[in-house]
There are 2 protein chains.
Amino acid sequence: MWRTFDAVIREGSLSSAARALGLTQPTAGRHIAELEAQLSAGALFTRSARGLHATETARALAPHAAAMAAAAAALIRTASAPANAAAGVVRISASEVVGVEVLPPILATLHAAHPGLALELLLTNTTSDLLRRDADIAVRMTQPKQQALLAKSTGRIRLGFYAHRDYLARSAPIENAADLASHALIGFDRDAASLRAINAVWPDLPGFALRTDNQLAQVAAVRAGFGIGVVQDPIARRDPALFPVLRDTFIAHLPVWVVMHEDLRSTHRMRIVFDALVKGMTAHALASEG
Amino acid sequence: MWRTFDAVIREGSLSSAARALGLTQPTAGRHIAELEAQLSAGALFTRSARGLHATETARALAPHAAAMAAAAAALIRTASAPANAAAGVVRISASEVVGVEVLPPILATLHAAHPGLALELLLTNTTSDLLRRDADIAVRMTQPKQQALLAKSTGRIRLGFYAHRDYLARSAPIENAADLASHALIGFDRDAASLRAINAVWPDLPGFALRTDNQLAQVAAVRAGFGIGVVQDPIARRDPALFPVLRDTFIAHLPVWVVMHEDLRSTHRMRIVFDALVKGMTAHALASEG
DNA sequence: TAGCTGCTATACATTTTTGCATGAATATAC
DNA sequence: GTATATTCATGCAAAAATGTATAGCAGCTA
């Protein structure tokens with residue numbers, strides 16, 4: 001019923017909404033008609049031969065329907081196995097870099113120990129809202145302020161300049177920050193927060209040779225020998241072909257937090273995954289030092 | 001379906017859950033049976049002749065079902081009128097004191113201007129979670145930290161000692177804090193936060209003659225001439241029979257915030273109520289001074 | 001303009017869900 | 001120990017929701 005509403009808003013027509021939900025178009029149409037009849041809010045959509053167009057009222061309802069859908073999805077996840085079993089679905093949210101470079105071995109170990117676990121990865125750089133239950137557990141680079149969240153700090157990760165051995169071999173040596181001006185630098189494109197952070201440490205920015213907001217692409221470019229970029233210390237260290245540049249130049253420390261909704265504490269598998277992430281991220285952060 | 005689950009958890013039996021939902025007991029029973037059949041999580045309840053008892057798994061699911069119900073309720077509220085109309089349901093959360101002593105005239109004025117508004121008051125001292133959509137708009141005495149919330153500060157309210165004229169007439173005069181020891185004091189019972197706050201200002205607490213965590217009862221006791229209690233300045237000033245005691249003793253300033261979920265911004269009546277609360281609470285806080 | 005493709009709306013058959021009535025079992029009161 | 005008032009479970013009929021098939025309408029392309 002409200003799922004149909006949600007789907008119609010997203011899909012734009014009764015037919016495609018019905019397809020997406022595995023219903024038939026008449027059923028979807030009757031759902032919407034019934035809603036419009038019940039709600040004193042008037043019409044929800046203006047119909048046309050090209051589909052349904054949401055009215056202002058329908059747009060106001062959309063986020064609530066989405067919230068309901070998110071809660072329902074979380075409910076289904078939690079119900080995917082008994083609360084005290086080391087099995088079932090757990091949805092983890094993290095940044096792309098963490099999800100690609102850091103989590104895989106952690107999750108592999110975890111799954112080997114608990115083969116019944118089904119892990120879902122939601123990789124977005126926008127912190128997805130745990131309170132809206134888009135995910136069960138999140139790995140974040142900021143300290144969460146919301147109560148009702150169970151959060152654990154797992155150290156911090158140092159950022160450093162790195163470059164590939166091949167690039168360094170064919171380029172001029174780098175003794176101090178001024179030398180960077182003549183090198184191929186890899187940096188952000190439009191990500192305001194990151195640009196500000198870099199600018200604070202390094203005010204006289206010489207200009208990037210490669211700009212992208214996708215941090216995975218930045219790391220990949222460094223590995224490909226494109227030039228010099230900012231990489232998390234523990235990630236760079238794993239690759240023997242990468243060497244630090246201006247080792248003593250401080251850029252930033254990323255605080256790392258593993259966060260979970262309080263309601264999930266009583267579900268055993270959530271705790272298992274939470275603890276594994278805390279352990280794994282702590283080890284990852286520790287590799288920053290020494 | 002999940003509403004039934006929610007009701008069964010709260011009510012404790014299929015029969016009363018069915019009564020609460022306007023269903024019949026067989027229907028409720030079949031709902032639960034169907035859930036247990038679908039979910040691989042095993043049994044949700046242990047049946048007995050006295051009702052159904054939730055298993056650990058069911059208890060783990062309960063908060064999610066409640067979240068879904070809250071989202072659904074918010075959806076129905078939002079759908080109670082067109083988004084651009086000055087009519088429909090708006091649910092306001094506030095403390096008991098604010099709801100009883102401060103809001104009524106504000107809401108009366110508001111409703112006179114917009115007779116189509118249906119206002120719901122949720123009076124709890126535990127800050128109900130706007131993100132869980134238990135209410136649309138909240139009046140709070142703490143600064144909200146959560147993003148996704150539209151918050152507006154409306155000044156602060158001074159707390160002071162007050163007593164009824166009759167009480168003062170028949171009691172010893174009060175010149176300084178030490179004199180309070182021989183008076184009938186009204187204070188908190190077990191509310192740790194408030195007790196700590198009072199203790200910080202007034203370390204040598206002489207002991208309360210009347211203890212209650214219900215602040216409405218405290219104000220009522222002061223009005224009844226029981227003794228001396230802490231009352232919000234603007235509330236005490238409205239009653240000509242109440243007089244300040246130790247006027248210059250500072251106790252605390254309560255910051256006042258009016259808070260709303262961002263998603264509601266596009267709904268006209270929410271904005272109307274929000275603005276009215278901001279205006280009204282600002283006027284209330286201003287009455288603290290002078 | 002004809003033909004194609006997408007869409008919504010309606011009539012009818014089928015499936016699913018619900019309510020009603022009743023039976024069986026257990027706790028509480030006398 | 002019996003009576004009473006709960007509870008949950010089950011068989012059957014009514015009601016509601018869904019799917020199938022079809023008609024009608026608007027836009028796009030040749």
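In what follows, chains are A, B, ... by sequence order, proteins preceding strands, each numbered from 1. As the structure is a computational prediction, the values presented were derived from the model and not from experiment.
In this structure, B:Glu11 atom CD and D:dT7 atom C1' are separated by 15 Å, rounded to whole Å. The CZ-C1' distance, from B:Arg47 to D:dT10, rounds to 14 Å in whole Å. Between B:Met1 atom CE and D:dA17 atom P there is a gap of 15 Å when expressed in whole angstrom units. The distance between atom CG of A:Leu14 and atom P of C:dT10, rounded to the nearest whole Å, is 12 Å. Put simply, CZ on A:Arg50 is 23 Å from P on D:dG24, counting in whole angstrom units. Remark: P of D:dA16 and CG of B:Leu23 are 14 Å apart, rounded to the nearest angstrom. Remark: P of C:dC7 and NE2 of A:His53 are 17 Å apart, rounded to the nearest angstrom. Atom CD1 in A:Ile32 sits roughly 15 Å away from atom P in C:dC7 (whole-Å rounding).
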* To do: Apply side chain to side chain contact (heavy atoms under 4.5 Å, CB included) to B:Asp136 and B:Arg77, showing your working.
  => CA-CA 9 Å; B:Asp136 300 315; B:Arg77 278 201 303 278; 2.9 Å; yes

* Run the side chain to side chain contact (heavy atoms under 4.5 Å, CB included) check on A:His64 and B:Arg133 step by step: do they pass? -> CA-CA 9 Å; A:His64 294 87; B:Arg133 298 166 198 253; 3.1 Å; yes

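When the nearest nucleotides of DNA chain C are assigned to B:Pro26 and A:Gln25 by heavy-atom distance, the more 5′-ward of the two goes with A:Gln25.
Across its full length, the helix from C:dT1-D:dA30 to C:dC30-D:dG1 shows an angle of 30° between the axes of its 5 terminal pairs at either end, rounded to 10 degrees.
Proximity of B:Thr24 to the phosphate of C:dT18: no side-chain N or O atom is located under 4.0 Å from OP1 or OP2. OP1 or OP2 of C:dC7 sits under 4.0 Å from a side-chain N or O of A:Arg19. Using a 4.0 Å cut-off, no side-chain N or O of B:His31 falls inside it from OP1 or OP2 of C:dT17.
Salt bridge annotation for A:Glu36-A:Arg47: present, with a cationic side-chain nitrogen under 4.0 angstrom from a carboxylate oxygen.
The neighbour count for B:Arg3 CZ, taken as heavy atoms of other residues, nucleotides or ligands under 6.0 Å away, does not exceed 12.
Within 4.0 Å (heavy atoms only), A:Ser15 reaches at least one base atom of the nucleic acid. Within 4.0 Å of B:Gly51, counting heavy atoms only, lie sugar-phosphate atoms of the nucleic acid but no base atom.
Closest to the A:Ser16 side chain, of the nucleotides C:dC7, D:dG19, C:dG19, is C:dC7. Residue A:Ser13 places its side chain closer to C:dT8 than to any other of C:dT8, C:dG19, D:dA17.
Panel note: side chain A:Thr57, backbone B:Ala83; a donor-acceptor pair is recorded below 3.5 Å.
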